[in-house]
Amino acid sequence: MRKIATALIALSMAVGTGGCIGESGGHAGPKATEGGGTAASDPARDRVTISIYYPTPDLPENRAHEDDKIRRFIAQYPYVDIIKSNWQYNPNEIGIKMASGEAPTLFNSFASEGRYLAERGWAADITELYEAYPHKEQINPLLQDQFRIAGRVYGLAERGYVTGVILNKKLLEDRGVKPPAYDWTWDDLLAVASAASNPAKGISGIAPMGKGNEAGWNWTNFLFEAGGDILTVDGGKVRAAFQGEAGLRALELYRKLAWDARAIPKDWAVGWNDAISMFVQGKTAMIISGPDSPIIQALNQWGMPPEDVLFYPMPSEKPGGKHTGILGGDYLVINPNATREEQEAAFQYATFDMFTEQSLEALDAEIAKREQDGQFFITPLIPYFKDDSDYGRRVKAIYERHANVYAYDDEAVRLFDGKVEVQYNTQQYYGAVTAMVQAVFADPEANLNQLLQETAKTVQSLYFDRVNVPGSP
């Protein structure tokens, strides 16, 4: 059974729309129609229509959970019509979606986006709804505070993670490589990646992401490992800080992985989905990620045994160092352009499976159904609730009743050290760093210091110089 370590709560704070769903569940309510309309109305209340974030097709278990949630929600709120939105949050698209009126009523976002969305008016201020929520004291502040900006609340935490490394134990052992200790180092990473690599068969020792903003996100974990920061705030000014000695050591590690160990894919332009695909197909021994989506796909869609899918903390730069990874998470945000009634319905939906007897029963039933179907249930590394809350203890008891709950190793959990991304143009920073990473992967003679300085200058002039820190002159 998975044991949720209470130590997680004390992690370092260094911180197209789809069809309309309307099953009535036996109550007088909306019925689904082709085009998103409804065939019935509730005489007791005006109808309210909301569009909601719906998981991607590569996560069928999550879709099944959402479908069940929709069914149960409409049974309780029969005056609400729900449209499933296929749009997944993208920082390069959110402005267009808001301007065109196409953003869902309730959409997903990342931990890094709270300030970005709030300051641009793209997230509803839900402070009053949140403060009136009867279970708010049981919500994990480590996650929720990422969307509390200047004392106001702009989103709800769903789950959190600390970025780590996912290892394919069988692939390593087939190559005669013993999995490292959880308390591993950069040297261990280089040695394991080099030994596991088999270019003749198209197998890499590790597949660091090399395209999209995710490439910059992957590399930043090593920046944090080396003791560096993305930026500093001093005198109301935001200054790039990743171009120092820590950044240089992190970039040198990438050069070693690519050109000394020859451990990355020959075609290194690997994005998020590419990396997961390579991992589950046995084309790479390691990827850098949070655990949820890759492990779900590995176990439930590709049939990998759970003992072969290992989730490690980031390797420390030196023996005895911290295993620091980005503290991230998934959040639900309400569209500020929605009506008051739509925002209230969206908040009710977002919190529907939180802290209730019904949600505990649904969780137990979902895990039991997956067990019956030969599927695993992967818990969030950091839940939205406090582990030591009454609800947290009851969730843990449910996990312990089932044999198909994926277990994180207690020693690994103890070593995870989460560091929050500073919320100033984080995604733009990642995009700029991606170009730097690509230059290193493409050229063994790349001037690392020059790349760092030029990238920092670009990020500073295009983004950080334009930041107005609240409270500064």
Side-chain angles (χ1 to χ4, degrees), residues 91 110-112 161-168 184 186 188-190 192-193 196-197 204-230 242 246-259 261 263-265 267-280 283-295 311-317 323-330 381 416-422 426-442 446 448 451-452 455 459:
F110 321 135
S112 64
Y161 65 87
V162 178
T163 306
V165 182
I166 305 175
L167 284 73
N168 183 329
W184 61 331
W186 285 10
D188 296 324
L189 173 68
L190 283 164
V192 170
S197 184
S204 67
I206 188 169
M209 297 171 193
K211 70 177 181 182
N213 287 7
E214 52 263 49
W217 170 68
N218 262 199
W219 178 81
T220 298
N221 289 277
F222 294 101
L223 171 70
F224 289 170
E225 284 287 305
D229 275 304
I230 297 172
F242 61 91
L248 190 60
R249 296 197 303 274
L251 206 56
E252 173 63 19
L253 175 65
Y254 262 37
R255 189 199 65 76
K256 289 179 179 178
L257 283 169
W259 298 105
I264 71 171
D267 180 4
W268 45 259
V270 174
W272 165 260
N273 290 323
D274 305 317
I276 296 175
S277 179
M278 291 182 67
F279 181 82
V280 298
K283 296 297 184 182
T284 189
M286 296 181 283
I287 59 173
I288 303 160
S289 177
D292 291 2
S293 183
I295 295 178
F311 188 51
Y312 273 55
M314 293 297 297
S316 61
E317 183 184 14
H323 298 269
T324 306
I326 292 171
L327 174 64
D330 297 324
L381 186 66
F416 277 99
D417 178 65
K419 184 178 175 71
V420 175
E421 305 153 294
V422 181
T426 309
Q427 296 301 322
Q428 290 81 2
Y429 153 80
Y430 285 153
V433 169
T434 289
M436 179 178 73
V437 166
Q438 291 173 341
V440 174
F441 286 169
L448 305 186
L451 284 170
L452 276 165
T455 304
V459 172

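Heavy-atom minimum distance, F311 versus V162: CZ-O, 3.6 Å. Residues P91 and N213 approach most closely at CG-ND2, 4.4 Å, considering heavy atoms. The nearest pair of heavy atoms linking A207 to T284 is N-OG1, 3.3 Å. When all heavy atoms are compared, the tightest approach of P315 to L189 is CG-CD2, 4.0 Å. Closest heavy-atom contact between F279 and A285: CE1-O, 3.8 Å. Scanning both residues, P294 and V280, for their nearest heavy atoms gives O-CG1, 4.4 Å.
Within the 4.5 Å cutoff, the side chain of F224 has no heavy atoms near those of the D417 side chain. For the pair T426 and F110, the minimum side-chain heavy-atom distance is 4.5 Å or more. The side-chain heavy atoms of H323 and Y312, taken from C-beta on, include no pair separated by under 4.5 Å. When side chains are defined from C-beta on, E317 does not count as touching L253, because their heavy atoms never get closer than 4.5 Å. In this structure, the side chains of V459 and Q428 stay at 4.5 Å or more apart for every pair of heavy atoms. With a 4.5 Å cut-off on side-chain heavy atoms, M314 and F222 count as touching.
Judged by distance alone, the side chain of N218 and the main-chain N or O of A215 form no donor-acceptor pair under 3.5 Å. Between the side chain of T455 and the main chain of L451, a donor-acceptor pair closer than 3.5 Å is present. A donor-acceptor contact shorter than 3.5 Å is absent between the side chain of T163 and the backbone of G325. With hydrogens and angles ignored, the 3.5 Å screen pairs no side-chain donor or acceptor of W219 with any backbone N or O of Y430.
Salt bridge E252/R255: present, at least one basic N to carboxylate O contact under 4.0 Å.
In this structure, the separation between OG1 on T324 and NZ on K419 is 7.5 Å, given to the nearest 0.5 Å. Atom OG of residue S289 and atom CE of residue M209 lie 5.0 Å apart, to the nearest 0.5 angstrom. If you take CG on D274 and CD on E214, they are separated by 8.0 Å, rounding to the nearest 0.5 Å. Note that CE of M278 is 12.0 Å distant from CG of N168, once rounded to the nearest 0.5 Å. If you take CD1 on I287 and CH2 on W272, they are separated by 7.0 Å, rounding to the nearest 0.5 Å. The distance from atom CD1 of I264 to atom CE of M286, rounded to the nearest 0.5 Å, is 12.5 Å.
Side chains of Y429 and T220: a donor-acceptor N/O pair is present below 3.5 angstrom, by distance only.
Using the six-membered ring where Trp is involved, F441 and Y254 have ring planes that are parallel, under 30° apart on the 30 and 60° scheme.
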- request: Report the C-alpha distance between D292 and L381 in whole Å, list the side-chain angles of each, state the deciding distance to 0.1 Å, and finish with yes or no for side chain to side chain contact (heavy atoms under 4.5 Å, CB included).
  value: CA-CA 8 Å; D292 291 2; L381 186 66; 5.6 Å; no
